There are 2 protein chains.
Amino acid sequence: MTLSVVSVTVDLVLLTIREGKLQVLLIRRGIPPFEGAWALPGGFVLPGEDLGDAAARELSEETGVRPAHLEQLGTYGSPERDPRGRVITVAYLALLPDLPAPVAGTDAADASWRPVPFTGLAFDHDRILADGVERARSKLEYTPLATAFCPPSFTIAELRAVYETVWRTRLDPRNFHRKVTGAAGFVETTGESVIRDRGRPAQLFRRGSATLLHPALLRPGLGSAQGGRSATDC
Amino acid sequence: MTLSVVSVTVDLVLLTIREGKLQVLLIRRGIPPFEGAWALPGGFVLPGEDLGDAAARELSEETGVRPAHLEQLGTYGSPERDPRGRVITVAYLALLPDLPAPVAGTDAADASWRPVPFTGLAFDHDRILADGVERARSKLEYTPLATAFCPPSFTIAELRAVYETVWRTRLDPRNFHRKVTGAAGFVETTGESVIRDRGRPAQLFRRGSATLLHPALLRPGLGSAQGGRSATDC
DNA sequence: CACGCTTAGCGTCATGTTGACGATAATAGA
DNA sequence: TCTATTATCGTCAACATGACGCTAAGCGTG
């Protein structure tokens, strides 16, 4: 049996909502291949390092934040994906609130948030980014992960803005309010209230303890069609 | 930056339903490490071979069947998972009908179907198997993948037996019939009918064209609890 | 300070989905 | 023919959903 020796990297799809748009953290590559192109942040897995630890380390290096949520997205290993040789990458997905410090101490050439969709990335990162966005869209349906985009306390309207931004849809504020407050463990009230724009003050909420939404918040529109085939299908 | 050179394998979680039980294909290891222990089938990725291709090749080698469905399950890369050194594995999940030929030309010591749950596997395969079973359970909810366990044509009762076996639940035959025939594109009638056990003859169906079930068939019982944290979470 | 603008949050209603379960149909075997 | 057994259709109450009316509670302005 021929033993294939390869290099392994982790790449991060870091999503946030800034200026009302879904954005992804990209770095501009300072070295070949794809010098000057935008790419997902990432790096080689260190010897003796677990994959999830490598992803958390990269996340910390890039943003300085402790991840509210970091999940494995998929592994990409096409033989031609890296001109330097056989490099497979394990992609991770994280959802972050709008960070106060734009991008903390980063070792990359330069890093910045870019609105998605964004194409022309190095390697197969277009595909990885697309898979990450689709994963995020679908996870908002049946998990309370939308709160990962929010600060510790937030209003229902702000949570709704997360859904509207990620799903690129408009949701009825009254029905949304009913469903969010009705889903067990999604959010819990803090007792405080604030005035965000104009109008009546809104209650502040924090994340609840549920890990799964019941009932789920299904995306409107797509009756039974869609079914975006993901990279993990064969 | 220290470049970590590792070996990459693919491992397969092949699930089927035999004798009314959910079973997984295991091989008995003929060489160290874990000589004599049961393990998931798998092998090294060949140079120049894509990950999905490697999984499909292993599947073909083990079972001789063309996969009805083969999806990436996750990647496992703990530094201690293989005593021989740094080996990370990309796990794939396939759901198969009860194969006529038990296990076709296999190169492994010996291979056989074992009922799940089954523990004591080599490496971290206990974990991978558990993740695969949980993935299969959850995919039955919102995809028509249960038909992958069935032969080309099947009765509603046989499809229900798939759900009952995988979910370890009992389902109401009348409600199940209504939901399956009501979900657009799940199954389509062939016009034929057969007598399986005793009783009234049942219509035969084949898979429909849908890739997503609408509405979904949710597992009964688990109100909002569960939330099995998967290996891909961090 | 009254008025209108704006957003929050509650209520209503028709429709669709779900679980529980009754009723009937169609076969084999006694 | 009768009975056991399974398939399939129907009914009903409880709940979820989308569309949308209505009131509450702030602000700014004249």
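Here is how names work: the chains are called A, B, and so on, in the same order as the sequence lines, proteins then strands, and each is numbered from 1. Because the structure is a prediction, the values reported are computed rather than measured.
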Ring pair (Phe, Tyr, Trp, His ring centres under 6.0 Å) pairs, two or more places apart, involving residues 140-168 of chain B: B:Y163-B:W167, B:Y163-B:F176
Any A:L40 side-chain heavy atom under 4.5 Å of A:V13 side chain: yes
Presence of A:Q203 side-chain N/O under 4.0 Å of C:dA8 phosphate oxygens OP1/OP2: no
For B:E141 against B:A216, the heavy-atom pair lying closest together: O-CB, 3.4 Å
Sorted by number, the residues of residues 148-171 of chain A with heavy-atom contact under 4.0 Å to DNA chain C: A:A157, A:R160
Pair B:R127 + B:D131: basic N to acidic O under 4.0 Å: yes
Nucleic acid footprint by protein, nucleotides 17-23 of chain D - heavy-atom cut-off 4.0 Å, B for base, S for sugar-phosphate alone: BBBBB--
Just distance, no hydrogens or angles: give the donor-acceptor pairs under 3.5 Å from side chains in residues 179-188 of chain A, sequence neighbours left out.
unit_1, atom_1, unit_2, atom_2, d
A:T181, OG1, A:H177, O, 2.7
A:T181, OG1, A:R178, O, 3.4
A:E188, OE2, A:R206, NE, 3.1

Residue pair B:P144 / B:T211: nearest heavy atoms and the distance that separates them: CD-O, 3.4 Å
Of residues 188-196 of chain B, the positions that come close to DNA chain C - non-hydrogen atoms, cut-off under 4.0 Å: B:I195
Check: B:A56 main-chain N/O paired with B:S60 side-chain donor or acceptor under 3.5 Å: no
Side-chain N,O (B:H177) to OP1/OP2 (D:dA7) below 4.0 Å: no
Phosphate-side-chain proximity, B:R198 and D:dT6, N/O vs OP1/OP2 below 4.0 Å: yes
A:A91 backbone acceptor or donor facing A:T89 side chain under 3.5 Å: no
Side-chain donor/acceptor of A:Q72 to backbone N/O of B:T75, under 3.5 Å: yes
For B:R170, all residues meeting salt bridge (Lys or Arg N to Asp or Glu O under 4.0 Å), sequence neighbours excluded: B:E164
